[in-house]
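Each remark here refers to the structure printed beneath this line.
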Protein chains: 2
Amino acid sequence: MRDFPGSPGTMTGLILRILQFVFAAVSIASMASTAYFFKFTAFCYLIASLGLQITWSFVLALIDAYALVKNRALKNSLLISLFVVGDWITATLTLAAASSSSGVAILYFNDLNICGFIGECQKYQLSVAFAFLSWITVATSSLIMVWLLASG
Amino acid sequence: MRDFPGSPGTMTGLILRILQFVFAAVSIASMASTAYFFKFTAFCYLIASLGLQITWSFVLALIDAYALVKNRALKNSLLISLFVVGDWITATLTLAAASSSSGVAILYFNDLNICGFIGECQKYQLSVAFAFLSWITVATSSLIMVWLLASG
């Protein structure tokens, strides 16, 4: 297994994990700070899904940091397979959550044009935008993992 | 490259492509038969995205059928790479479309409980369900393609 930028135990890998964590945290914070998010199934699902995403990214960031500090390579095929499966599951859930929430946010903001009435649309939009950013970073990690496993 | 069930040029591969095509077609037909789908951005995106999905699955089904009739194996690495990229792009778009539409459909059916007023909710739900079925079959194809490429 060669060392790609972004593979586990490298500095770029750690930065990717931290970005995933931060984007997901901003998304959850923005959504949770609204008064009526619990009335929308899609927004509750976003929080649940990004909660899982945060946990996963946090654990992987810890593993990356440990490997960096101890200067140990993480090139075990079994470990990488586990990362691939976890990354794909969280990436799929995050994309589904971001998309369903964006469907609802666009409905209120564009289609019905009743955002003044709801009053919290900016926060919904911010949350959806950060959820998509989080998905992009997880998808990048997943692709790197698959590539690493395939080339190993 | 070994012969997995579902790899291009096999009968199971052809069946998977036909299923993708049929599920996406039913989803589009169900959505397009409603009177007000064009008022919802999410539903228009569903039709556009599944339109791409149908085209992709149809072309791949033709290639599979040709390979089966001519009894020729499709084991070119470059061709499989192209299938992998295409499958992942269409799978991502289909999942995003199905999720955003399901967000809106659940909003009307569950959260707001105004489906009687809209009157076309069953068709929206049917369309979303078939979009998800289509996504499951494309995701299966994508995984088989990645596996095939990785093991080749």
Side-chain angles (χ1 to χ4, degrees), chain A residues 1 31 36-46 49 77 80-81 84-85 87-89 91-114 117-118 124-125 127-128 131-132 135-136 138-140 142-152, chain B residues 1 31 36-46 49 77 80-81 84-85 87-89 91-114 117-118 124-125 127-128 131-132 135-136 138-140 142-152:
Chain A
M1 263 178 208
M31 188 55 83
Y36 299 110
F37 77 87
F38 55 86
K39 290 191 175 180
F40 299 88
T41 307
F43 295 160
C44 294
Y45 172 55
L46 181 90
S49 180
S77 272
I80 302 283
S81 308
V84 167
V85 173
D87 267 345
W88 279 114
I89 290 173
T92 306
L93 291 178
T94 303
L95 176 62
S99 303
S100 58
S101 297
S102 79
V104 175
I106 289 173
L107 180 78
Y108 275 102
F109 196 76
N110 270 359
D111 304 343
L112 301 178
N113 220 345
I114 50 170
F117 164 68
I118 296 292
Y124 295 151
Q125 286 179 311
S127 175
V128 167
F132 272 113
W135 170 69
I136 289 170
V138 189
T140 310
S142 323
L143 286 175
I144 291 168
M145 294 293 169
V146 167
W147 197 251
L148 205 64
L149 193 67
S151 72
Chain B
M1 264 178 208
M31 187 57 82
Y36 299 111
F37 77 89
F38 56 85
K39 292 192 174 179
F40 299 89
T41 307
F43 295 159
C44 294
Y45 173 54
L46 181 89
S49 179
S77 273
I80 302 285
S81 308
V84 167
V85 173
D87 267 345
W88 279 114
I89 290 174
T92 306
L93 291 178
T94 302
L95 176 62
S99 303
S100 58
S101 296
S102 78
V104 176
I106 288 173
L107 181 79
Y108 276 100
F109 196 75
N110 270 359
D111 305 345
L112 302 178
N113 220 344
I114 50 169
F117 164 68
I118 296 293
Y124 295 150
Q125 287 179 309
S127 174
V128 167
F132 273 113
W135 170 69
I136 289 171
V138 189
T140 309
S142 324
L143 286 175
I144 290 167
M145 293 295 168
V146 168
W147 198 251
L148 205 65
L149 193 68
S151 72

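Order of the sequence lines fixes the chain letters, A, B, ..., with proteins taken first and strands second; residue numbering starts at 1 for each chain.
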Notebook entry, point to check: Ile106(A): what forms a side chain to side chain contact (heavy atoms under 4.5 Å, CB included) with it, not counting sequence neighbours?
Noted result: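 Partners of Ile106(A) under the side chain to side chain contact (heavy atoms under 4.5 Å, CB included) test: Asn110(A), Asp111(A), Thr41(B).
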Notebook entry, point to check: With sequence neighbours excluded, what pairs up with Thr92(A) under the side chain to side chain contact (heavy atoms under 4.5 Å, CB included) test?
Noted result: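 In terms of side chain to side chain contact (heavy atoms under 4.5 Å, CB included), with neighbours along the sequence ignored, Thr92(A) is linked to Leu95(B), Trp135(B).
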Next item on the list: Name the member of Ala98(B), Gly103(B), Ser100(B) that forms the most heavy-atom pairs with chain A at distances under 4.5 Å.
Entry: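 Most heavy-atom pairs within the cutoff with chain A belong to Ser100(B).
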Next item on the list: For chain A, find which of Ala105(B), Ala97(B), Ala96(B) contributes the most heavy-atom pairs closer than 4.5 angstrom.
Entry: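 Maximum pair count with chain A is reached by Ala96(B).
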Checklist line | Separation between OG of Ser99(A) and OH of Tyr45(B), rounded to the nearest 0.5 Å | finding: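 Nearest 0.5 Å value for the OG-OH distance: 6.5 Å.
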Next item on the list: Decide yes or no for Tyr108(B) and Leu107(A): does some side-chain heavy atom of the first lie under 4.5 Å from some side-chain heavy atom of the second?
Entry: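 SC-SC contact between Tyr108(B) and Leu107(A) confirmed.
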